[in-house]
Amino acid sequence: MTTILVTGGTGTLGRLVTERLRADGHAVRVLSRHSQPYAVDLREGGSGLGPALAGVDTVVHCATTQRGGDERSAANLIAAARRAGVAHLVYISIVGVDRVPLGYYRTKLAVEKLVAESGLGWTVLRATQFHDLVVQVLQALAKLPVVVLPAHASDQPVEVAEVADRLAGLAQGAPAGRVPDVGGPEVRTFESLARAYLDATGRRRAVVNLPLAGKTYRAFRAGGHLAPEHAVGKGTFEEFLAGRFGGEDGRRG
């Protein structure tokens, strides 16, 4: 049995990784800003990192925020992990961070570099967007009478539980560097995803595809965030929607 620390272990992905590692018999510590006894804000670092990492064999770094600070968080974590003698650092990243010039993606790529140059044994896994995130975006877009979508854009959503399975497996193995990406089972137009969401939630909305401008849009339109050659996921978007909304009675028009 090994001792494994999961940062962001109360989040969408980290919670599932934690459950799987514990089910496999590992001693798992959860580090997040509000989770005792290892309540640490990685952006600030501080003395709490030492006790959290003491005796830890492997760190699975899931903590992230789009509000900024991921590079600082990673630097603090890596420095503390080196001091603690951690053998393996596993990091979850996003497909396309090296191809899509989105600010958050650039940050994830910078963290990948920090991990690779950390001096620790390391593994980096990139995944396509989770079903949950696609639904969050569509929920926001569907608040208006007309759902406006970026024209000619596709996505390849993947079930978060499948990514958690893969990440937990990597955490139990030896450092492997950059491993093959994990993508959802289908590359879908964003319009088809939106219509599936509207059908599943009983919403009636007009859907309009609007061409956009800029380097980020062009990169998404070109499929820079997709991994069709790694379509290893099994769970479809419709299956996710059925599990999420199929039993709800209060559908809204």
Side-chain angles (χ1 to χ4, degrees), residues 1-2 4-32 35 58-66 70 88-97 104-105 108 111-112 123-140 154-173 176 178-188 190 192-194 196-197 199-201 225-248:
M1 181 179 71
T2 57
I4 301 174
L5 176 72
V6 180
T7 73
T10 60
T12 300
L13 175 62
R15 174 177 52 81
L16 296 178
V17 172
T18 297
E19 290 175 359
R20 281 149 176 75
L21 291 171
R22 284 177 173 162
D24 289 338
H26 299 282
V28 182
R29 300 175 186 174
V30 170
L31 186 146
S32 71
S35 180
T58 298
V59 173
V60 183
H61 187 30
C62 297
T64 186
T65 175
Q66 297 197 31
D70 274 12
H88 189 189
L89 174 59
V90 183
Y91 180 58
I92 180 66
S93 189
I94 306 171
V95 169
V97 292
Y104 180 59
Y105 278 34
K108 298 289 282 188
V111 173
E112 285 188 12
T123 301
V124 169
L125 173 68
R126 293 179 182 175
T128 55
Q129 305 297 328
F130 299 156
H131 290 140
D132 309 66
L133 179 59
V134 175
V135 164
Q136 288 177 23
V137 172
L138 293 173
Q139 282 176 329
S154 299
D155 208 350
Q156 190 182 352
V158 66
E159 174 55 50
V160 64
E162 295 179 333
V163 179
D165 288 341
R166 178 70 174 132
L167 205 58
L170 291 169
Q172 296 174 80
R178 169 86 185 280
V179 297
D181 299 341
V182 171
E186 302 172 313
V187 175
R188 302 276 297 273
F190 211 67
S192 76
L193 295 171
Y197 168 76
D199 287 345
T201 57
H225 61 306
L226 306 176
E229 70 280 13
H230 296 292
V232 296
K234 303 298 182 185
T236 67
F237 190 57
E238 279 75 9
E239 289 169 342
F240 174 80
L241 292 172
R244 177 79 173 269
F245 301 108
E248 292 189 4

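- Remark: Arg188 CZ to Leu193 CG distance equals 5.0 Å, nearest 0.5 Å.
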Between Arg15 and Glu19, does the salt bridge (Lys or Arg N to Asp or Glu O under 4.0 Å) criterion hold? Intermediate values first, please.
CA-CA 6 Å; Arg15 174 177 52 81; Glu19 290 175 359; 3.7 Å; yes

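- Nearest heavy atom pair, residue Leu21 against residue Ala168, reads CD2-O, 3.7 Å.
- Counting only heavy atoms from C-beta outward, the side chains of His230 and Arg126 never approach each other to under 4.5 Å.
- In this structure, Thr7 and Cys62 approach most closely via the heavy-atom pair OG1-N, 3.0 Å.
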Just do the side-chain contact (heavy atoms from CB on, under 4.5 Å) check on Leu89 and His61 with the steps written out, would you?
CA-CA 7 Å; Leu89 174 59; His61 187 30; 4.2 Å; yes

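- Taking the side chain as every heavy atom from C-beta outward, Glu186 and Thr236 approach each other to under 4.5 Å.
- Note: Leu125 CG to Asp181 CG = 7.5 Å, rounded to the nearest 0.5 Å.
- Taken to the nearest 0.5 Å, the CG atom of Leu170 stands 7.0 Å off from the NE2 atom of His88.
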Trace of the side-chain contact (heavy atoms from CB on, under 4.5 Å) decision for Val232 with Arg166
CA-CA 11 Å; Val232 296; Arg166 178 70 174 132; over 6 Å; no

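- Proximity of a side-chain donor or acceptor of Ser35 to a complementary backbone N or O of Leu31 within less than 3.5 Å is not detected.
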May I have the step-by-step check of side-chain contact (heavy atoms from CB on, under 4.5 Å) for Thr123 and Tyr91, ending in yes or no?
CA-CA 6 Å; Thr123 301; Tyr91 180 58; over 6 Å; no

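- Contact record, Leu16 with Val160: CD1-CG1, 3.8 Å, taken as the closest heavy-atom pair.
- Proximity of a side-chain donor or acceptor of Thr128 to a complementary backbone N or O of Gly184 within less than 3.5 Å is detected.
- In this structure, His131 and Val134 have side chains that are not in contact, with every pair of non-hydrogen atoms separated by 4.5 Å or more.
- Considering all non-hydrogen atoms of both residues, Val187 and Pro228 come closest at CG2-CB, 4.2 Å.
- The OH atom of Tyr197 sits 8.0 Å away from atom CZ of Arg244, with the distance rounded to the nearest 0.5 Å.
- Between the OG1 atom in Thr12 and the CZ atom in Phe130 there is a gap of 8.0 Å [rounded to 0.5 Å].
- Without hydrogens or angle criteria, Gln129 side chain to Asp155 main chain gives no donor-acceptor distance under 3.5 Å.
- Of all the heavy atoms in Gly8 and Ala63, the pair that sits closest is N-CB, 3.6 Å.
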Show your working on side-chain contact (heavy atoms from CB on, under 4.5 Å) between Val135 and Leu241 and close with a plain yes or no.
CA-CA 9 Å; Val135 164; Leu241 292 172; 4.0 Å; yes

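- In terms of heavy atoms, Gly96 sits closest to Tyr105 at O-CD2, 3.6 Å.
- With sequence neighbours excluded, the residues that form a side chain to side chain contact (heavy atoms under 4.5 Å, CB included) with Thr2 are Ile4, His26, Asp57.
- Residues passing the side chain to side chain contact (heavy atoms under 4.5 Å, CB included) test with Thr64 are Asp70, Tyr104, Lys108, sequence neighbours excluded.
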